[in-house]
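Start at 1 and go down the list; that is how both ligands and their atoms are numbered.
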Amino acid sequence: MERFTFQNPTRIIFGVGSIKELEKHLPIGKKILLLYGGGSIKNNGVYDQVLSGLKSRSFVEFAGIEPNPKYETIMKGVELSRKEKVEFILAVGGGSVIDAAKFMALAIHYNEGDPWDILVNNTAKKVENVVPLATVLTLPATGSEMNAYSVISRESTKEKLSFGARSCYPVFSILDPTVVKSIPPNQIANGITDAFTHVLEQYLTYPAGAPLQDKFAESILRTLIEEGPKVMKNPGDEVAAGNFMWCATMALNGLLSAGVPTDWATHAIGHELTALYGIDHARTLAIIAPNLYRSVFDAKKEKLAQYAEEVWKVGSGSVDEKAKLAIERTTDFFHSLGIKTKLSAYTTNYEGTSEEVLTRFKKRNVKSLGENNIIDLEKVKEIVEMSY
Ligand code: NZQ
Ligand code: ZN
């Protein structure tokens, strides 16, 4: 196991009915921004519950954060927050609303030019005077409710860039499994696939003498395999929904990556597919991940074989055979959720994608990805072309 520092400051308030706890966790005497998305919270009762928690507080609202949140929209919220002297942000939504809140938290008091530069120059950690934020999660998927990352898109340039800074950990996050009931099946499938791939990004590298980390990862994968289909079948199953929700949060809150190598190349390439074609984040991961594992098979096969044994219960065969089976089982799992794993299933315009992805990486001076930088640009090209 490698050396690590681990601290996660986000308070989790979990359980059926936990949105009712909101008021007691909100700061007193601070002007609050209530941030949300396209309005699903107004149809499923979450908005009313949140308003009841806010009734003794001074607040303003900003709605309309879209999936793959756009810089252009977020900056309108930043303007409002500056005008209203907002001191605390309450994000009510999925990863997109929460990520938007994190960018706003940095941008509101930013006075060194265009806040987009924070993303381009990777300076999030240097930003001082960050507005604190908290969340009411409505879609288990990204783990944004308990991590310090955010991914923001810019419509005018078709870019999708990420950042992370300790100052962006939510102060608290409310995880109430009853919110899952109203999530459309395609978004539940996305959430399971995203959480599943987050674990794989931190697990499918090479043996690193970290059996506890491996077992954390394997248990989240197994739980998602068991509970995911139950949630797909009946999103009102609060027990399964709660387990799915907790898996998604634990999959990307810093615990799994402590002391082990991580990959994240599937995400880096996947973000470009969303930026280019607007494909849902999780679906880009299902397109890329299996081919990435095929492309760097030798480097990953030991962990792939372990994954086959521990998660898919493959009992016999050589390391190579088990590893190959693990990739097939993963693809079958995505298919079982209704997630297609070929780029051509999402766009007819896929010719030339590999060249475009390479051009974008070169422009940003990205030379290699993955653990030990095993994925150079030639490999990226190969992986994208295998995914057509
Ligand atoms: O806009 P609203 O009305 O909220 O509707 C949303 C949206 O249309 C809807 N929805 C959410 N909760 C619902 C619901 N509909 C009915 N009932 C509910 N309870 O679902 C749609 C998708 O929401 P979105 O927030 O976009 O989904 P998700 O949570 O999958 O977030 C995706 C974004 O997160 C980024 C992705 O790149 C993408 O931009 N990621 C963020 C990460 C992080 N911060 O750590 C890591 C991830 O790897 C990912 O990159
Ligand atoms: Zn993801």
Side-chain angles (χ1 to χ4, degrees), residues 10 19 35-47 49-50 63-71 73-74 91-103 124 133 135-154 159-165 168-170 173 175-202 231 235-236 241 244-245 248-249 251-254 257 262-275 278-286 288-289:
T10 302
I19 302 177
L35 186 72
Y36 55 100
S40 63
I41 63 166
K42 291 203 168 160
N43 302 324
N44 60 11
V46 171
Y47 179 78
Q49 292 183 68
V50 168
I65 299 295
E66 54 284 278
N68 305 308
K70 291 193 183 74
Y71 165 80
T73 309
I74 295 170
V92 183
S96 293
V97 174
I98 300 172
D99 285 6
K102 291 175 182 175
F103 186 70
L133 66 116
T135 88
V136 175
L137 181 69
T138 66
L139 173 51
T142 64
S144 189
E145 65 280 5
M146 200 181 180
N147 72 39
Y149 308 116
S150 165
V151 194
I152 305 296
S153 299
R154 188 162 189 165
E159 284 170 288
K160 185 170 189 186
L161 302 178
S162 59
F163 68 87
C168 290
Y169 274 105
S173 282
L175 275 55
D176 184 338
T178 58
V179 301
V180 173
K181 195 174 177 182
S182 64
I183 306 174
N186 66 321
Q187 293 295 350
I188 293 177
N190 283 351
I192 297 166
T193 303
D194 195 20
F196 200 85
T197 314
H198 291 162
V199 180
L200 296 182
E201 295 269 32
Q202 301 164 91
V231 185
F244 161 43
M245 200 171 222
T249 301
L252 192 49
N253 67 357
S257 61
T262 57
D263 181 344
W264 296 112
T266 294
H267 272 69
I269 302 170
H271 285 336
E272 300 306 326
L273 301 185
T274 301
I279 303 169
D280 289 352
H281 168 66
R283 287 164 203 257
T284 69
L285 308 177
I288 296 300

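Around the Zn ion (ligand 2), protein atoms of type N, O or S found under 2.8 Å number 4.
No hydrogens or angles considered: nothing links the side chains of E66 and S96 as a donor-acceptor pair under 3.5 Å.
With hydrogens and angles disregarded, a donor-acceptor distance shorter than 3.5 Å links the side chain of Q202 to the backbone of A251. With hydrogens and angles ignored, the 3.5 Å screen pairs no side-chain donor or acceptor of K102 with any backbone N or O of F163.
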Does the pair I65 and I74 meet the rule for a side chain to side chain contact (heavy atoms under 4.5 Å, CB included), with working shown? CA-CA 7 Å; I65 299 295; I74 295 170; 4.1 Å; yes
The test is side-chain hydrogen bond (donor to acceptor under 3.5 Å, both in side chains); show your working for H281 and D194 and say whether it passes. CA-CA 8 Å; H281 168 66; D194 195 20; 2.9 Å; yes
Please report the C-alpha distance between T262 and E201 in whole Å, then the side-chain angles of each, then the deciding distance to 0.1 Å, and finally whether the side-chain hydrogen bond (donor to acceptor under 3.5 Å, both in side chains) criterion is met. CA-CA 6 Å; T262 57; E201 295 269 32; over 6 Å; no
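Ring pair F103/Y71 is perpendicular by interplanar angle, where above 60° counts as perpendicular and below 30° as parallel.
Near ligand 1, G37, G38, G39, S40, N44, P67, N68, P69, G94, G95, S96, D99, T138, L139, A141, T142, S144, N147, Y149, S150, V151, K160, V179, S182, I183, P184, Q187, D194, H198, L252, H267, H271, H281 each place a heavy atom less than 4.0 angstrom from the ligand.
A centroid separation of less than 6.0 Å is found between the aromatic rings of Y47 and Y36.
D176 CG to I19 CD1: the interatomic distance, rounded to the nearest 0.5 Å, is 4.5 Å.
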